[in-house]
K.L.:
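Take a look at this one; I'll ask things after.
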Amino acid sequence: MILKKYLGADGYKILKLGITRDHPIFAVGLGICSALAVSNTVANAIAMGAGVTFVLIATAVIISSLRSLIPQRARIITYMITIASFVIIVQMFLDAFSPTISEALGPYVALIITNCIIMGRAEAFYVTNGVRFSVIDAVSNGIAYTYTLVAIAVVREILGFGTLLGFQVTPDGWPKWVVMSMAPGAFFLLGVAIWISKTITEGGSEEEEE
Amino acid sequence: MTHAITIFIAAILTHNIALTYLLGMCPFVSLSRSTRTAFGMSVAVIFVVTLTAAINWPIYHLILVPTGSKLIYYIVFIIVIAATVQLVEMIMERFFPPLQAAFGIFLPLITVNCTVLAVSVLMVLRKYSYGMTLVFAFGSAVGWMLAIMIVAAINEKLALVGNVPKGLKGAGIIMIIAGIIALAFLGFGGMVDIK
């Protein structure tokens, strides 16, 4: 394992946990809003995943390197301002390089600010750990978030529009499942995805309520 | 006047912020286990969403637009929201302790409820006037309340039956319930329309 050697045992463990056991969407239930809302096409999902990953990594660097300077009582507002600044960068980047995706994502880019994944990781991890591990954790959570979004988007785009990344993949007579591209389809698919992931990762152990 | 009613009905039924725009899902998952907590949270949401939209509109149109600093409106909005929530909490603690005891625990959670920021951003994107913004904000919050109350009530009854598959318990079944309700809400489509 080259990756393991490069990151060290601890770093590798953080990377692995973020993608599997502590998966932000399936295991912890964070960031569900955007996972539902922008997973209607694969292009949107990739753009959103990349945006969130960028904000996560940037926030991880800032918060973990400033962690000894941030006053305990003002920490939430510090996270918010940091996150909001990077979200503005993402918004400007999308406006400049991909106006169609920017239009399609609409208010959801701004809502990266309130995406609980970033706030949650900042509070739970970056504020107590060094820069190196925080960045690994950010990458790990970003990957987990992106692949989940893309996986849901692949199913929704093929069933809902009959296309994949804009190219038609289904036969001509394919009846489009319009409901898949709308809100109910998103709810059903995420519900099923959570079910599958829980069954696989937890095996026999029952999840505690509350 | 008819325009205001259209926006109000649309915000509650056809363009429901939870079931059409899929916003405010985090509290959906964590709070929809009982109708009591769901109700407490929704009352707090209605109050905060309307109040912050009412504060954010003048800040955006009277300060940010004339000074040409539209770009930073995300930061300004989120700080206004965080400050308002903090202020409301302090005022409630000082003057209305019973209210604080009932809804106090929900207030800090609201800052990260996407509904609040979404309503403020949508009012900018859709270029609403001040009056329309208030109607839209109130309607959206009421629509959110309707959605979370329905899901919480179904979830509560489902817990009594108790034969939900193990892996589907918790977040999974809430998504499925919300999906069915969203499907039902599609039936309202075409009743009123806002662009």
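Labels below follow one simple rule: chain letters A, B, ... track the order of the sequence lines, proteins then strands, and each chain is numbered from 1. The structure presented is a predicted model; accordingly, all values stated were derived computationally and were not measured.
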K.L.:
So for atom CZ, which belongs to Phe138(B), do other residues, nucleotides or ligands contribute more than 12 heavy atoms lying within a distance under 6.0 Å?
P.N.:
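Open: at most 12 neighbouring heavy atoms sit under 6.0 Å from CZ of Phe138(B).
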K.L.:
Where on Leu125(B) is there a heavy atom nearer than 4.5 Å to chain A: the side chain, the backbone, both, or neither?
P.N.:
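Just the side chain, heavy atoms under 4.5 Å.
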K.L.:
Look only at the side chain of Tyr108(A) and the backbone of Tyr21(B), and say whether a donor-acceptor pair between them is shorter than 3.5 Å.
P.N.:
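Yes, because the side chain of Tyr108(A) sits within donor-acceptor range (under 3.5 Å) of the backbone of Tyr21(B).
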K.L.:
Under 6.0 Å from the CZ atom of Phe47(B), do we count more than 12 heavy atoms belonging to anything else shown?
P.N.:
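Counting other residues, nucleotides and ligands, CZ of Phe47(B) stays at 12 neighbours or fewer.
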K.L.:
How close do Leu22(B) and Ala37(A) get, heavy atom to heavy atom, and via which atoms?
P.N.:
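Smallest heavy-atom distance, with atoms named: CD1-CA, 3.4 Å.
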K.L.:
For Ile173(B), is it the side chain, the backbone, both or neither that has a heavy atom under 4.5 Å from a heavy atom of chain A?
P.N.:
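For Ile173(B), no heavy atom lies under 4.5 Å from chain A.
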K.L.:
If you measure from CZ on Phe187(A) to CG on Leu183(B), what distance do you get to the nearest 0.5 Å?
P.N.:
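Reported to 0.5 Å precision, the distance equals 11.0 Å.
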K.L.:
Rounded to the nearest 0.5 Å, how far apart are OG1 of Thr82(A) and CD1 of Ile75(B)?
P.N.:
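Going from OG1 on Thr82(A) over to CD1 on Ile75(B), the span is 9.0 Å.
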K.L.:
In terms of heavy-atom proximity below 4.5 Å to chain B, should Leu36(A) be classed as side chain, backbone, both, or neither?
P.N.:
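When you check distances to chain B, atoms from both the backbone and side chain of Leu36(A) fall under 4.5 Å.
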K.L.:
Taking all non-hydrogen atoms of both residues, which atom of Phe188(A) and which atom of Gly179(B) are closest, and how far apart?
P.N.:
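Reported closest heavy-atom pair: CZ-C, 3.6 Å.
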K.L.:
Quick check on Leu71(B) against chain A: is it the side chain, the backbone, both or neither that has a heavy atom closer than 4.5 Å?
P.N.:
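Contact with chain A: backbone and side chain both.
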K.L.:
Drop me the distance from Ile194(A)'s CD1 to Ile174(B)'s CD1, to the nearest 0.5 angstrom.
P.N.:
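Answer rounded to 0.5 Å: 9.0 Å.
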K.L.:
Between Ile176(B) and Gly191(A), which heavy-atom pair has the shortest distance, and what is it?
P.N.:
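Between these two residues, the closest heavy atoms are CD1-CA, 4.1 Å.
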K.L.:
For Trp195(A), does the CH2 atom have more than 12 heavy-atom neighbours from other residues, nucleotides or ligands under 6.0 Å away?
P.N.:
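No.
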K.L.:
Could you check which of Ala186(A), Ala183(A), Gly185(A), Ser85(A) has the highest count of heavy-atom pairs closer than 4.5 Å to chain B?
P.N.:
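Maximum pair count with chain B is reached by Ala183(A).
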K.L.:
Is Ala18(B) close to chain A through its backbone or its side chain, or both, or neither, when contacts mean heavy atoms under 4.5 Å?
P.N.:
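Ala18(B) touches chain A through backbone heavy atoms alone.
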K.L.:
Atom OG1 in Thr20(B), atom CE in Met182(A): separation rounded to 0.5 Å?
P.N.:
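The CE atom of Met182(A) is 8.0 Å from OG1 of Thr20(B), to the nearest 0.5 Å.
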K.L.:
With heavy-atom distances below 4.5 Å as the criterion, would you say the side chains of Val179(A) and Leu186(B) are in contact?
P.N.:
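In short, these two side chains touch, coming nearer than 4.5 Å.
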K.L.:
At what distance, to the nearest 0.5 angstrom, does CG of Leu117(B) lie from CD1 of Ile112(A)?
P.N.:
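That separation rounds to 11.5 Å.
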K.L.:
Once rounded to the nearest 0.5 Å, what's the spacing between atom CD1 of Ile81(A) and atom CD1 of Ile79(B)?
P.N.:
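These two atoms lie 4.0 Å from each other.
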K.L.:
Need one label for Ala118(B): side chain, backbone, both or neither, based on atoms under 4.5 Å from any heavy atom in chain A.
P.N.:
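Both the backbone and the side chain of Ala118(B) come within 4.5 Å of chain A.
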